[in-house]
Amino acid sequence: MSIERVTDEGMDTAEAIDDLTGDERQALEHRETVQEIAPATAAAVPLKRRRSRGGGIANWGPPIAVAILIVGLWYLVGLIDPSKSFLLPPPHEVFAVYLDPKIAPDIYEALWNTAVVALTGLAIAIVVGIVWAVAMNQAKWVERSLYPYAVILQTIPILALVPLIGFWFGFDFTARVIVAVLIGLFPMVSNTLFGLQSVDASQRELFKLQQASPWIMLKKLQFPAALPAIFAGMRISAGLALVGAIVGDFFFQRGTPGIGALISKYQSRLNAEPLFASIILASLFGVVVFWFFGWLGKRVVGKWYDFA
Amino acid sequence: MAMTDSAPATTSTLLDFQNVQLTYPNGTIALSGVDLTVRRGEFVTVVGPSGCGKSTLLRIASGLEVSSEGISTVNTKRVGYVFQDATLLPWRNVRANVELLAELQWDTQAVRREKAQKAIDLVGLTGFEKHLPRQLSGGMRMRTSLARSLTLDPELFLFDEPFGALDEITREYLNDELLKLFVEQQFAGLFITHSVSEAVYLSTKVMVMSGRPGRIVDTFDVPFPMPRDPDIRYTGEFAALVGEVSHALREGHGA
Ligand SMILES: Nc1ncnc2c1ncn2[C@@H]1O[C@H](COP(=O)(O)OP(=O)(O)OP(=O)(O)O)[C@@H](O)[C@H]1O
Ligand SMILES: [Mg+2]
């Protein structure tokens, strides 16, 4: 009876071989199945190519179209009330600033100074954030003791704190870097911690079964597993560190002031063209930094992780 | 009825559970009064409904969990453990994944390479050393996982539903591969599965578990000789034994 059941199941593929007895047919059919499967399994899935990256009109077209749209709207708004053009100068006058030998060098130099502050702050935020998260990952009690302070970093009214930082650390480079670090730190802490804790329980057990030390576990399992989240964190922190550096410029104008200082100068003089030119340039720099960390993340983990 | 295996523990006994009980911290009694022995040359399979404590059994055998009562003895240091999912590290290619355990044992690079290559050849993944897990089919990932454990040259091999997530055809194929390894490599096996026919096909002994609390309700010796002919699955004796085990499973479940 049970043989009949088994035979029935195999029926659809065994139709061609009806002059054999049930058992023989089963045997033959099964052997065929295995032979069919064996090479299929061994020859396996071809190396899947990742989606072609970068380049091409499909990638650059849409953002450029949006840029054109924005510039168009900008002109339109200017037409509504031409008497206010000192508040919103037309785009071509703003872009002309980048070539103006009297103003442009100031802007570029200021951006460079801000970039140095932002990148220094970012580097510190990355190191401190990762160390902070790794420490919290070592034991629940460490996490419970330190996490609230990471959250406070995020919620503290940083603008209220900034003047104090000036009193404590002076009004130049150091103070500006500290502001950049404070603003950029939280995403590094939270993303790294999330990444470290994303490891499967069974993967941890795999290591535990070999008596792997916590350090080995961190090095060979948790840290590599956390890399995608860490790179995502760097991208966010990079933008924030830049904001921090500009905020610092507003408050601390000693030493070599950055683009924030320039912006506040143009603001007070109602110097609209260089003001807009500076703001746009600072934003573009942020985009470049964001893009760079996306690229770096893809380079490092793109092989095994679909880094967005 | 729990069948007590009263044979004395000898050196050929690799795993011995006597009256093992495990209560999780939250009060769940996962196992109660389990007696189980795995000797050299044996391939023991445990079938049981979901949640009856099968994984817990393996976790105790591997040392990941300590029994709350009873005695569990493992008489070898070379224990392989294959998890339900392949648990490969996605950033390591097949070779690096297979080398992992040897790496954690601080073997030298040359030794690691050699062990890994041998295991990769054994599971039929030769030529795929450079592939990343995401480029492999589910069956090949499982083989990689199998190869990784093989590098330990285990005397006792624990399997927690390793083929549960695979399709029937791949599963049958890997069953044959596993039996071939069992005969060649001479490890003793303790294999967990949901599938009664897989259990009967693979093992020398089938144990039926029932849940709440988890216990062994029946034991069947499988008389078919090793190495096993794949076609045995289509014989009357095989079907009859599958029927008996299924019956015991259903009774245990209803109880
Ligand atoms: N860490 C834990 N804490 C508390 N209860 C647990 C824990 N692990 C498992 N359990 C419970 O113990 C029982 C047995 O779990 P176990 O994982 O051993 O079952 P299983 O037979 O392997 O199930 P499945 O077939 O679904 O894998 C279940 O009721 C489960 O909910
Ligand atoms: Mg389980």
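Quick note: numbers below take in every heavy atom, side chains included, and nothing from hydrogens, waters or symmetry partners. Chain letters run A, B, ... following the sequence lines, proteins first, then strands; residues in each count from 1.
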> Quick one, B:Pro230 and B:Tyr201 - any side-chain contact, counting heavy atoms below 4.5 Å?
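A side-chain contact under 4.5 Å exists here.
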> Under a 4.5 Å cutoff for heavy-atom pairs, which residue among B:Gly127, B:Pro90, B:Gly63 has the most contacts with chain A?
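Highest number of pairs under 4.5 Å: B:Pro90.
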> Classify the ring geometry between B:Phe128 and B:His131 as parallel (under 30°), tilted (30 to 60°) or perpendicular (over 60°).
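Perpendicular: the ring planes of B:Phe128 and B:His131 meet at over 60°.
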> Please flag which part of A:Leu206 lies under 4.5 Å from any non-hydrogen atom of chain B: side chain, backbone, both or neither.
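Contact with chain B involves both backbone and side-chain atoms of A:Leu206.
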> Side chain from CB out, backbone as N, CA, C, O: work out which of these in B:Gln84 comes under 4.5 Å of a heavy atom of chain A, or both, or neither.
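Contact with chain A is absent: no heavy atom of B:Gln84 under 4.5 Å.
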> Is any side-chain heavy atom of A:Leu240 less than 4.5 Å from a side-chain heavy atom of A:Phe186?
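Answer no - side chains too far apart.
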> So for A:Tyr305, is it side chain, backbone, both, or neither that comes closer than 4.5 Å to the heavy atoms of chain B?
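A:Tyr305 touches chain B through backbone heavy atoms alone.
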> Please look at A:Leu227 and chain B and tell me whether the side chain, the backbone, both or neither of the residue comes under 4.5 angstrom of a heavy atom of that chain.
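The answer is neither part of A:Leu227.
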> Is chain A contacted by the side chain of B:Leu125, its backbone, both, or neither, given a heavy-atom distance below 4.5 Å?
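For B:Leu125, there is no contact with chain A at all, as no heavy atom is under 4.5 Å.
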> Quick one: are B:Leu100 and B:Asn97 in side-chain contact, heavy atoms under 4.5 Å?
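They are not in contact (no side-chain heavy atoms under 4.5 Å apart), so the answer is no.
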> Could you check whether the rings of B:Phe191 and B:Phe159 sit parallel, tilted or perpendicular, using 30° and 60° as the cut-offs?
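Because their plane-to-plane angle lies in the 30° to 60° range, the rings of B:Phe191 and B:Phe159 count as tilted.
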